[in-house]
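Just below is one structure, and these are the notes that go with it.
Both backbone and side-chain heavy atoms feed into the values below; hydrogens, waters and symmetry mates do not. Numbered from 1 within each chain, the chains take letters A, B, ... in sequence-line order.
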Protein chains: 2
Amino acid sequence: MSGAQPIHAELIAVIVAVSDGAPKVLTLSDGSALPAGPLESGHQSLQAGLRNWVERQTGHTLGHVEQLYTFADPDRSRAGRSISISYLGLTRETRTKLGGQVSWQDWYRYFPWEDRRAPATGIDLTIKPGLARWVDEAADRQSRAVRCFALDGAPWNEDLTLSRYELLYEAGLVREAARDGRPVHGDFAPGIAMTADHRRILATAISRLRATIKYRPVVFELLPDQFTLLDLQHCIEALAGHTLHKGNFRRLIEGQTLLEETGTLASGPGRPAKLFRFSAAIRAERAQAGTRLPLARP
Amino acid sequence: MSGAQPIHAELIAVIVAVSDGAPKVLTLSDGSALPAGPLESGHQSLQAGLRNWVERQTGHTLGHVEQLYTFADPDRSRAGRSISISYLGLTRETRTKLGGQVSWQDWYRYFPWEDRRAPATGIDLTIKPGLARWVDEAADRQSRAVRCFALDGAPWNEDLTLSRYELLYEAGLVREAARDGRPVHGDFAPGIAMTADHRRILATAISRLRATIKYRPVVFELLPDQFTLLDLQHCIEALAGHTLHKGNFRRLIEGQTLLEETGTLASGPGRPAKLFRFSAAIRAERAQAGTRLPLARP
DNA sequence: ATCCTTATACTCGAATTGAGTATATTTATG
DNA sequence: CATAAATATACTCAATTCGAGTATAAGGAT
C-alpha cells in the first residue's frame with residue numbers, strides 16, 4: 001500500500017458549562033472559533049493532552065471529557081494533510097479572568113432553532129420556506145426534512161442537532177454553505193456562523209451531550225456541589241432545549257439512588273427547597289453509572 | 001505553542017457480518033488482528049478512504065460505516081507518533097474467496113462472556129474469582145464490578161462490552177494485560193487475545209453496535225433483501241447476545257413502518273413464514289431513521 | 001392577615017411492557 | 001393416511017410506566 005504521508009494533527013475542544021439557565025461554550029475570537037491547538041509530543045494520550053492544554057490555557061478543570069469525532073481535511077495544501085480530533089469537555093463556568101478574545105457564549109446564539117423552551121419563537125417560520133424550496137428540488141429530501149424538523153405532526157427529537165445543521169448546510173441555509181460556494185435557497189437561518197467547520201463541531205457536541213445526559217449522570221459536572229431539584233431540572237432543560245414536567249421529573253429522579261439530601265435548605269422567594277448532592281457512589285464512578293432522565297422519546 | 005510534530009495516521013476497520021446465527025468479524029493473521037492500513041493521500045475523507053480500501057482489499061461493499069474512536073500511541077519510537085482511527089463497517093458475509101490468513105471469526109470467540117443467549121454457560125464462574133480478588137484490593141472497585149458484570153441481582157447491560165473488557169484488562173484477567181506487564185489476579189478469562197489493542201477496538205465496536213441497533217435500523221445492512229421476522233429477531237439476538245420474547249418482538253416491529261411484506265413465503269420445516277423487506281423509506285434514508293427495538297433496559 | 005411564589009405530594013387514565021396461552025399451517029414419520 | 005413435530009401467527013392479561021393534571025405546604029413581601 002502506497003501513499004502514506006506525514007500528517008499534522010490538531011485538537012479542537014468544545015468546553016461546555018451551564019450558568020444563568022443557559023448552556024455556554026468557550027470560544028475564541030469573540031465567539032467565532034473554538035479553542036484548538038496542535039497535538040504536542042509530551043502527552044500521554046489524546047485525552048490527557050486535551051485536559052492539560054485546556055487547563056493551562058483557561059484555568060478550567062474539565063470534569064467529563066468525551067471524544068467527538070475525527071475529521072480529515074481533504075483539500076489542504078501540499079504541505080501536508082491535517083487531521084482534527086474534536087472533544088467535548090464539561091466544566092463549571094468560573095469567574096476567572098479570560099484572555100482577550102476568549103469568552104463564554106450561549107450556544108443557542110449559534111443554533112436558535114434548537115431552543116424550544118419558550119414556545120412560538122417563530123424561528124421555524126424563517127427556516128421553513130427555504131427548506132421547502134430545497135425539498136422540492138429532489139424526491140428523497142422530503143422525509144429527511146420532515147424527520148429533522150418535525151414538519152408534520154411528528155415529535156421534535158432534540159438529539160438531531162447535528163443532522164439539522166448538516167441539512168441546513170446542504171440546503172444552503174447557513175452562511176458557511178455560501179462561504180464554501182454552495183447554492184443558497186433563500187434567507188439564511190438565524191444564528192451566527194463560525195470559522196471553518198467549527199459550528200458543525202459544536203452541533204456534534206450538542207447532539208452528543210443531549211444523547212449522553214439521558215443515560216449517564218454527567219450533568220453533575222456542570223452543577224455546584226449542592227443544588228435543588230429545580231436547579232437540576234433547569235440545567236437539563238437548558239441542555240435539552242425543552243421543558244420537562246416537574247412532577248414527573250421529580251418522581252423519576254427520586255425513584256433512583258442518584259441523589260442524597262444534604263440536610264440543608266435553599267433560600268429565596270417561596271418555600272425553601274431541599275438541597276441535594278449526587279450520591280457518593282455516583283461521584284466515585286465519575287459519571288460511569290447509568291441513569292434515567294425523562295427525555296427518552298417514543 | 002510548541003511541540004507540534006509530524007504524525008503517521010492509520011485506519012483500523014471492524015467489519016461485521018452476521019451468518020449462521022453468529023456475528024462475525026473480518027480478521028487477519030488467522031484471527032489475531034484487525035485489518036488496518038495507512039491513510040492514503042488520494043482519499044477525500046476518512047470514511048471514503050476506509051470504504052475504498054476495504055472494498056479493494058476484501059471485495060466487500062460496506063453498508064453502514066461509523067467512526068469508533070481515535071487513539072494516539074503514546075510510546076512509539078522517535079520516528080514519529082502514530083494515530084489510529086478506528087471504524088465499524090457492516091456488510092453481508094459473502095462466500096468470496098479470502099486471501100491467505102484473512103478470515104471471518106465469530107466475535108464471541110474473543111468475548112465468550114458476552115454471549116448470554118444460552119443460559120448457564122458457567123463463564124461467570126471462571127471470571128468471578130479473579131474479579132473478587134481484584135475488588136478486594138481497593139474500595140472503589142466494588143460498584144464498578146457489580147455494574148459491569150451484574151454481580152448482585154442487577155440486570156445485565158449488553159452495551160457495556162467495552163467497560164467489561166477494560167475492567168478485565170485493569171484487573172489483569174486478560175492475556176493482553178500480562179503481555180503489557182500488568183499484575184494478574186488469577187486465571188485469565190476465557191476468550192482469545194489479539195495483537196496490540198485490537199481486542200479493545202473490537203469491544204468498542206460491539207458496544208457501539210449494540211447501542212446503535214436499538215434506535216437506528218442498521219440491521220438491514222446485515223440481512224439479505226428478504227427475510228422472515230424470525231430471521232430478523234435472530235440477527236438482533238446474535239448481536240445483542242441475549243434472546244428476546246417472540247411475541248413482544250413481533251408486536252413492536254409490526255407496530256412500526258419499518259418493514260413491508262413481499263407477498264412471498266419462506267419454505268422449510270413448519271408453517272411457512274411471510275417474507276419481509278425493509279420499507280422503501282427506510283432503505284432510501286440508508287439507516288438514518290429512528291427505530292425501536294425491544295432492547296432498552298429499565 | 002393576605003398574597004405571591006416556590007416546593008412537595010398525590011391522583012388517574014392511557015400507553016407500554018413482560019410474560020404467558022391458544023391456534024394455524026406446513027413438513028416429516030409411522 | 002393419520003399423527004407428530006416444528007414453526008408461524010394471534011390474542012390475553014396483569015404490572016409497570018408515563019403524561020398530565022390537581023392539591024397542599026411553607027416561606028417572604030406588603
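In the set C:dT5, D:dC13, D:dA8, C:dT5 carries the atom at the smallest distance from any side-chain atom of A:P269. The side chain of A:R250 sits closest to C:dA9 out of C:dT5, C:dA9, D:dC13. The side chain of B:P272 sits closest to C:dT25 out of C:dT25, D:dA20, C:dT8. Between D:dG21, C:dT25, C:dT6, one nucleotide has an atom nearer to the side chain of A:H245 than all others, and that is D:dG21. Residue B:L252 has its side chain nearest to C:dT17 when only D:dG19, C:dA9, C:dT17 are considered. The side chain of A:E254 approaches C:dA9 more closely than any other nucleotide in the set D:dT9, C:dA9, C:dT6.
Of the possible polar contacts, one joining the B:S207 side chain to the B:D159 backbone as a donor-acceptor pair under 3.5 Å is found.
Rounded to whole angstrom, the span from the CG atom of A:N248 across to the P atom of C:dA14 amounts to 16 Å. Remark: C1' of D:dA5 and CZ of B:R271 are 15 Å apart, rounded to the nearest angstrom. The distance between atom CZ of B:F249 and atom P of D:dA10, rounded to the nearest whole Å, is 15 Å. The NZ-P distance, from A:K246 to C:dC10, rounds to 16 Å in whole Å. One can place CZ of A:R251 at 14 Å from P of C:dA9, the figure rounded to the nearest angstrom. At whole-Å resolution of the value, CD in B:Q233 and C1' in D:dT7 are 13 Å apart. Computed from coordinates, the B:L230 CG to C:dT26 P distance equals 18 Å when rounded to whole Å. The CD1-C1' distance, from A:I253 to C:dA7, rounds to 16 Å in whole Å.
Classification of B:R208 and B:E66 as a salt-bridged pair holds, one side-chain N sitting under 4.0 Å from a carboxylate O.
Here B:F227 and B:F220 keep their ring centres 6.0 angstrom or further from each other.
Within the 4.0 angstrom heavy-atom criterion, no nucleotide atom of any strand lies near A:L265.
Annotation for B:L173 and B:I127: closest pair CD1-O, 4.4 Å, computed over non-hydrogen atoms. Between B:R277 and B:E261, the closest heavy-atom pair is NH1-O, 4.3 Å.
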